Structures are given as structure tokens and as C-alpha cells.
Amino acid sequence: MTSYTLSLIGIGTGNPNHLTLQAVDALNSVDLILIPNKGAGKDDLASLRQAICAQVIQQPGPTILEFDLPVRDEATTDYRKRVDDWHDMIAALWWHHMQHALPEGGKVGFLVWGDPSLYDSTMRIAERLNSKGDITIDVIPGITSIQALTAAHAEPLNQINEAVTITTGRQLRDAGWPKTAETVVVMLDGQCSFKSLDPAGIEIWWTAYAGMENEISIAGPLSAVSEEITNTRAKARAEHGWLMDIYMMRRSLA
């Protein structure tokens with residue numbers, strides 16, 4: 001049975017200086033790096049990965065292969081099924097390219113934004129390959145967008161002896177503010193879900209392109225900066241064709 005090691009390498013939030021020494025070593029040790037391309041308007045995400053590789057990989061380096069990421073079917077009403085089907089397609093593409101480039105097996109690297117453990121499905125996709133060959137999964141942690149967010153604002157993640165909830169825009173819209181949390185970090189929010197909340201008493205710290213050269217940060221009372229964030233977000237997305245943002249909110253539980 002063909003043997004592969006899949007190195008899932010956390011690369012931080014797009015700043016090459018965020019790479020750990022472990023990540024640099026991993027990128028230099030693999031035989032093949034697979035880089036997804038999400039298509040027109042988002043192709044600079046692939047370019048950023050390429051630039052990171054060019055900066056830290058010693059020559060001669062591994063083969064670097066870009067592949068077109070399949071489009072998720074948004075017509076299916078079952079969100080979980082849409083995601084599972086999409087992950088199945090991505091895993092099939094991984095396997096195809098791995099077999100073609102390394103028919104005798106070898107080490108394959110994947111550059112993961114932030115950390116592979118946090119709202120990222122690379123590990124789940126990799127597990128789908130266990131039935132296809134002898135697969136070893138090696139995970140290299142990376143700086144998360146949460147760390148980049150709190151650093152951008154010089155604001156601690158938690159209050160003293162208080163809990164923090166990390167959630168998604170979808171969950172915030174559907175369930176509202178988590179009942180037991182004073183601080184909420186919201187990821188994967190393409191719809192400015194903070195606008196679904198009563199803004200009274202809520203502070204927000206918002207950052208787009210966290211850790212990158214074009215980082216944008218806005219903070220203040222939600223009632224005062226909600227529209228500014230919404231408008232800035234729309235302008236940045238139109239300018240770059242894509243946007244990654246994250247925000248933290250805090251309110252008193254009293």
C-alpha cells in the first residue's frame with residue numbers, strides 16, 4: 001500500500017514573519033506542496049502561499065502544484081451535507097494529485113491559514129484519505145487570527161476569571177449572544193452578524209486581513225462603529241476581491 005505523510009502546516013495569517021521555525025522546517029522537508037486556487041478574485045490567496053514558499057524554502061525545494069478548488073453546492077438546503085460533499089470533492093482532488101505527482105508515496109505539505117485546529121477543515125479532509133492508503137497526518141500549529149486580532153488592538157482576549165466563547169456569524173445570528181460569555185470572538189462572518197444584536201453596552205474590536213500589510217482595524221462601542229465597519233468591510237472586499245476578518249465583542253453580564 002502506498003505510504004504518504006500529510007503535513008498540515010499552520011502559516012499564520014498571511015505574514016511570513018508569523019511562521020514558526022517548525023513550520024519552516026516542515027515546508028523544507030516535504031516532497032510536494034499542494035496549493036488550492038479559489039478562482040478569479042481570490043487567486044491572490046494562492047499567490048500569498050506561493051510568496052511564503054518562495055521566501056522560506058531553500059532550493060532545490062519541493063514540487064509546488066496549484067489546483068482549482070471545487071465550488072461548494074449552495075443549492076442544497078442542508079448546510080452540513082453541502083460541506084461534507086464539498087470536503088469529499090476536495091479529498092478526491094488531493095488524492096488524484098498526490099498519486100500523480102508522487103506515485104511511490106512521499107511527504108505532502110498543505111499551507112493552512114492560521115492554525116489547523118481552529119475553524120478549519122483540513123484535518124477532517126485529510127482523514128478522508130485514510131481508506132485510500134497508508135496515511136500519516138502531521139499537524140504543525142500556527143499563529144491564529146485570534147492572536148493577530150488581539151495583538152492588533154493591544155486588547156486581552158479575556159477579562160480576569162471570565163470565560164471566552166469562540167463562535168461563528170451563523171451561530172450569532174441564529175442563537176444570539178451566548179448566555180454565559182462576557183467576551184465573544186466571531187469568525188467566518190460574511191454578513192456582519194453583529195448587526196443582529198442590540199448594541200447597547202457592547203464594545204467591538206474588528207480587524208480585516210489580520211497580520212497582513214493591508215491590515216484594517218476598527219474598535220469602539222458597537223452602536224458607534226457598526227456602520228463604519230460594515231462600509232469599510234464592503235469597500236475592502238470590492239478592492240481586493242476577497243476578505244478575511246474577525247472580531248471580538250465584550251459586554252457586562254450584570
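The shown structure was predicted, so the numbers you read here are calculated from the model rather than taken from an experiment. These numbers come from the heavy atoms of this one structure, side chains and all, not from hydrogens, waters or symmetry mates.
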Check against ring pair (Phe, Tyr, Trp, His ring centres under 6.0 Å), Trp177 and Phe194 = CA-CA 9 Å; Trp177 189 282; Phe194 51 80; over 10 Å; no
Using a strict 4.0 Å threshold on nitrogen-to-oxygen distance, state whether Arg170 and Asp174 make a salt bridge.
->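 No, no charged N to carboxylate O under 4.0 Å.
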Pair Asp84 + Arg80: basic N to acidic O under 4.0 Å |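 Arg80 and Asp84: salt-bridged.
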Atom [atom1] of [X] and atom [atom2] of [Y]: how far apart are they, to the nearest 0.5 Å?
{"X": "Arg128", "Y": "Ser121", "atom1": "CZ", "atom2": "OG", "result": "8.0 Å"}
{"X": "Leu102", "Y": "Thr63", "atom1": "CG", "atom2": "OG1", "result": "7.0 Å"}
{"X": "His87", "Y": "Trp94", "atom1": "NE2", "atom2": "CH2", "result": "9.0 Å"}
{"X": "Ile143", "Y": "Ile146", "atom1": "CD1", "atom2": "CD1", "result": "13.0 Å"}
{"X": "Asp25", "Y": "Ser7", "atom1": "CG", "atom2": "OG", "result": "11.0 Å"}
{"X": "Asn17", "Y": "Leu19", "atom1": "CG", "atom2": "CG", "result": "9.0 Å"}

Has [X] got a side-chain atom pairing as donor or acceptor with [Y]'s backbone, closer than 3.5 angstrom?
{"X": "Ser223", "Y": "Ala200", "answer": "no"}
{"X": "Thr144", "Y": "Gln147", "answer": "yes"}
{"X": "Arg49", "Y": "Leu111", "answer": "yes"}
{"X": "Gln171", "Y": "Thr167", "answer": "no"}
{"X": "Asn15", "Y": "Gly211", "answer": "yes"}
{"X": "Arg250", "Y": "Leu157", "answer": "yes"}
{"X": "Asp85", "Y": "Arg82", "answer": "no"}

Of all the heavy-atom pairs spanning Ala23 and Gly10, show the shortest one and how long it is.
->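 Nearest heavy atoms, Ala23 then Gly10: CB-O, 3.9 Å.
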Exercise: identify the closest heavy-atom pair between Ile202 and Leu197 =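 That would be CD1-CD1, 4.2 Å.
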Without hydrogens or angle criteria, can the side chains of [X] and [Y] be said to hold a donor-acceptor pair below 3.5 Å?
{"X": "Tyr247", "Y": "Asp189", "result": "yes"}
{"X": "Trp206", "Y": "Asp245", "result": "yes"}
{"X": "Asn28", "Y": "Gln58", "result": "no"}
{"X": "Arg173", "Y": "Ser196", "result": "no"}

Pairwise side-chain contact, [X] with [Y], heavy-atom cut-off 4.5 Å (strictly under):
{"X": "Leu8", "Y": "Ile140", "value": "no"}
{"X": "Leu243", "Y": "Arg233", "value": "yes"}
{"X": "Val30", "Y": "Leu32", "value": "no"}

Give me the one residue out of Ile204, Thr207, Thr232 that meets side chain to side chain contact (heavy atoms under 4.5 Å, CB included) with Ile218.
->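 Only match with Ile218 under side chain to side chain contact (heavy atoms under 4.5 Å, CB included): Thr232.
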Which word best sums up how the rings of Trp95 and Tyr4 line up, parallel for under 30°, tilted for 30 to 60°, or perpendicular for over 60°?
->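 Ring orientation, 0 to 90° scale: perpendicular.
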Check the pair His240 / Tyr209 against ring pair (Phe, Tyr, Trp, His ring centres under 6.0 Å), numbers first and verdict last.
-> CA-CA 11 Å; His240 296 284; Tyr209 313 108; 4.9 Å; yes
